[in-house]
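To keep things clear, I will list the structure first and then write my remarks on it.
Numbers restart at 1 for each chain; the letters A, B, ... are given by sequence-line order, proteins then strands. Values below: every heavy atom of this structure, side chains too, minus hydrogens, waters and symmetry copies.
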Number of protein chains: 2
Amino acid sequence: MYQPKTPKDIRCPLEYGLDVFGGKWKSRIICVLAEKDTLRYSALRREMTNITDAVLAGALKELIRDGIIERKQYDEIPPRVEYRLSEKGKSVVPILQTICRWSGAYHREDSTNTLLQCQKCDYHLK
Amino acid sequence: MYQPKTPKDIRCPLEYGLDVFGGKWKSRIICVLAEKDTLRYSALRREMTNITDAVLAGALKELIRDGIIERKQYDEIPPRVEYRLSEKGKSVVPILQTICRWSGAYHREDSTNTLLQCQKCDYHLK
DNA sequence: CAGTATCCTATTAGATACTG
DNA sequence: CAGTATCTAATAGGATACTG
C-alpha cells in the first residue's frame, strides 16, 4: 500500500476529482462495480486481471476513504466482504462515460489490447 | 523529461482520456490556456507557479503529441514561441468543468491552498 | 527566451510470502 | 477468504546547470 509523506497538494476541485478517480486502477474498479453492482473481494480481483492484492487493497482503501465505495463485512467463516458503489460513487459514472465518449473518437482500439470490462462501455457509446 | 520504457498499457478509451489530461500539471495547463488563449513559454511558466522547466517542457511535449495544444515558433531574436489549445484541446475543457462541478460539492477549500487560476473555475460554478 | 541535459527523490505499482 | 507485510522496480516529478 502507498502512503505519501507530504499530504498531496490538491489545490482546486478539479485536482480533487482527478485524484479521486485517477491512477491506474481506480477508474477500472468503479466501472466494474457500476456494472456488477456488488462484488466480493476475490471476484473483484478476478475482474481486474493482473492486479495484485497489495495494489488492489490499497486502491480500495483510498476509494473507501473518499466515499466512492462501501465495504460490508459479514462475520462468517470463511470471511465474506462485499464492495459496492456509494451514491457518491455512482455519481462519478456519468463523468467516466463522458470521458470515454470523448476519447472514443481518438483512441482507436488496436484490438490486441482491450479491456473486457470496456465492452459495456463501447456498447453505451453506440 | 520522462519517457516510459514500456509503452504504457492503455486499454480502453477511458484510460486514454485520463492519460491525456491526468497527472499533476496537464489539467492546469489546459485550464490556463483556456482562459488566456495564447501564451508564450515564459508566461505559461509564470502562471503555473513553481513548475520547473524540465517538467513543464515534458508536459508540453506530451500535450502536443496528443494533439491538445499547438506550438507556434517565430524565428526572431530573442526567440518567441506561443502555445494555445487546439480544437481537440478546447473540447476537453467542458469535461474538466464537469469534473470541477462534481468535485466542488466535496472539496471544500481550506482557503490557504487554492490555485489562483481556479478562481475562474469557481466563478463558473456559481 | 525557450528550452536541454543531468542527476536525484518521492510516489506508484508489482512480486512474493504470510496470516486471522 | 480477504487481506497485510516486505521488498523491489518503474516512473512522475523536481533541482540545478547550461545552451542556441
Side-chain angles (χ1 to χ4, degrees), chain A residues 1-11 15 18-29 33 38-66 69-84, chain B residues 1-11 15 18-29 33 38-66 69-84:
Chain A
M1 199 191 81
Y2 33 86
Q3 182 81 338
K5 279 156 194 171
T6 53
K8 261 199 179 183
D9 61 331
I10 290 176
R11 303 191 275 177
E15 291 184 4
L18 289 172
D19 184 62
V20 164
F21 54 78
K24 179 160 182 181
W25 296 105
K26 289 179 185 176
S27 66
R28 287 190 206 178
I29 293 171
L33 287 178
T38 300
L39 284 177
R40 299 181 62 161
Y41 180 87
S42 52
L44 188 51
R45 186 182 47 205
R46 204 159 35 240
E47 293 287 333
M48 303 306 292
T49 51
N50 286 335
I51 199 170
T52 61
D53 284 316
V55 171
L56 176 56
L60 289 174
K61 278 193 175 166
E62 287 192 33
L63 288 165
I64 290 166
R65 178 203 65 195
D66 293 329
I69 64 179
E70 288 161 359
R71 179 185 185 277
K72 189 165 185 185
Q73 177 173 349
Y74 298 86
D75 287 324
E76 304 171 356
I77 293 181
R80 178 156 64 109
V81 176
E82 290 181 346
Y83 293 94
R84 55 183 308 174
Chain B
M1 199 192 83
Y2 32 85
Q3 182 82 337
K5 281 158 193 169
T6 53
K8 260 198 178 183
D9 61 332
I10 290 177
R11 303 193 274 177
E15 291 183 5
L18 290 172
D19 185 63
V20 164
F21 54 78
K24 179 162 182 180
W25 296 105
K26 290 180 184 176
S27 66
R28 287 190 208 179
I29 292 171
L33 287 177
T38 300
L39 284 178
R40 299 181 61 162
Y41 180 86
S42 53
L44 188 50
R45 187 182 46 206
R46 202 159 37 240
E47 292 287 334
M48 303 306 293
T49 51
N50 286 335
I51 199 170
T52 61
D53 283 316
V55 171
L56 176 57
L60 289 174
K61 280 192 175 168
E62 287 192 32
L63 288 165
I64 290 165
R65 178 203 65 194
D66 293 330
I69 64 180
E70 287 161 359
R71 178 184 185 277
K72 189 165 184 184
Q73 177 173 350
Y74 298 86
D75 288 323
E76 303 170 355
I77 293 181
R80 179 157 63 106
V81 176
E82 290 181 348
Y83 292 94
R84 55 183 311 174

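Side-chain N/O atoms of A/K24 include none lying less than 4.0 angstrom from OP1 or OP2 on D/dT11. For the pair A/K61 and D/dT4, the criterion of a side-chain N or O lying under 4.0 Å from OP1 or OP2 is met. Residue A/R40 places at least one side-chain N or O under 4.0 Å from the OP1 or OP2 atom of D/dA2. Of the side-chain N and O atoms in A/S42, one or more sit less than 4.0 angstrom from OP1 or OP2 of D/dA2. Between A/K26 and the phosphate of C/dA13, there is no side-chain N or O to OP1/OP2 separation shorter than 4.0 Å. In this structure, B/W25 reaches the D/dG14 phosphate: one of its side-chain N or O atoms is under 4.0 Å from OP1 or OP2.
The residue A/Y83 sits close only to the backbone: its heavy atoms come under 4.0 Å of sugar-phosphate atoms, none of a base. Residue A/R80 is classed as a sugar-phosphate contact, given heavy-atom separations below 4.0 Å to backbone atoms only.
Candidate nucleotides D/dT16, D/dG3, C/dA15 were compared by shortest atom distance to the side chain of A/A57, and D/dG3 ranks first. For A/V81, taking side-chain heavy atoms from C-beta onward, the closest of the listed nucleotides D/dA2, D/dA12, C/dG3 is D/dA2. Listed nucleotides: C/dA2, D/dA2, D/dT6. Nearest to the side chain of B/R71: C/dA2.
Distance, A/I69 CD1 to D/dA2 C1': 14 Å, rounded to whole Å. Rounded to whole Å, atom P of D/dA2 lies 15 Å from atom CD1 of A/I29. If you measure from atom NZ of B/K72 to atom P of C/dA2, you get 15 Å, rounded to the nearest angstrom. The CG atom of B/L39 sits 14 Å away from the C1' atom of C/dA2 (whole-angstrom rounding). At whole-Å resolution of the value, CG in B/L56 and C1' in D/dA12 are 15 Å apart. Atom CD in B/E82 sits roughly 11 Å away from atom P in C/dG3 (whole-Å rounding). Here C/dT12 presents its P atom at 14 Å from CD1 of A/I51, a figure rounded to the nearest Å. Spacing between atom CD of B/Q73 and atom C1' of C/dG3 amounts to 10 Å, rounded to whole angstrom units.
Residue B/Q73 holds its CD atom at 13.5 Å from OH of B/Y41, rounded to the nearest 0.5 Å. Note: B/L18 CG to A/K24 NZ = 13.5 Å, rounded to the nearest 0.5 Å. Here the straight-line distance linking atom CG of B/D19 with atom CD of B/E62 works out to 7.0 Å at 0.5 Å rounding.
Heavy atoms only, all atoms of each residue included: A/W25 and A/N50 are closest at CH2-C, 4.4 Å. A/R71 and A/I64 get closest at one heavy-atom pair: CB-CD1, 3.9 Å.
Listed by first residue number, the stems of DNA chain C with at least three Watson-Crick or G-U pairs below 3.5 Å are C:1-20 with D:1-20.
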Could you list the protein-to-nucleotides 17-20 of chain C atom pairs, N/O on both sides, closer than 3.5 Å?
none

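A search for side-chain hydrogen bond (donor to acceptor under 3.5 Å, both in side chains) contacts involving B/D66 returns nothing, not counting sequence neighbours. Not counting sequence neighbours, B/R40 has no partner by the side-chain hydrogen bond (donor to acceptor under 3.5 Å, both in side chains) test. The salt bridge (Lys or Arg N to Asp or Glu O under 4.0 Å) test applied to B/R80 returns B/E76, B/E82, not counting sequence neighbours.
With a 4.5 Å cut-off on side-chain heavy atoms, A/I51 and A/R45 count as touching.
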*Evaluate side chain to side chain contact (heavy atoms under 4.5 Å, CB included) for A/L56 paired with A/I29, printing each intermediate quantity in order.*
CA-CA 9 Å; A/L56 176 56; A/I29 293 171; 4.0 Å; yes

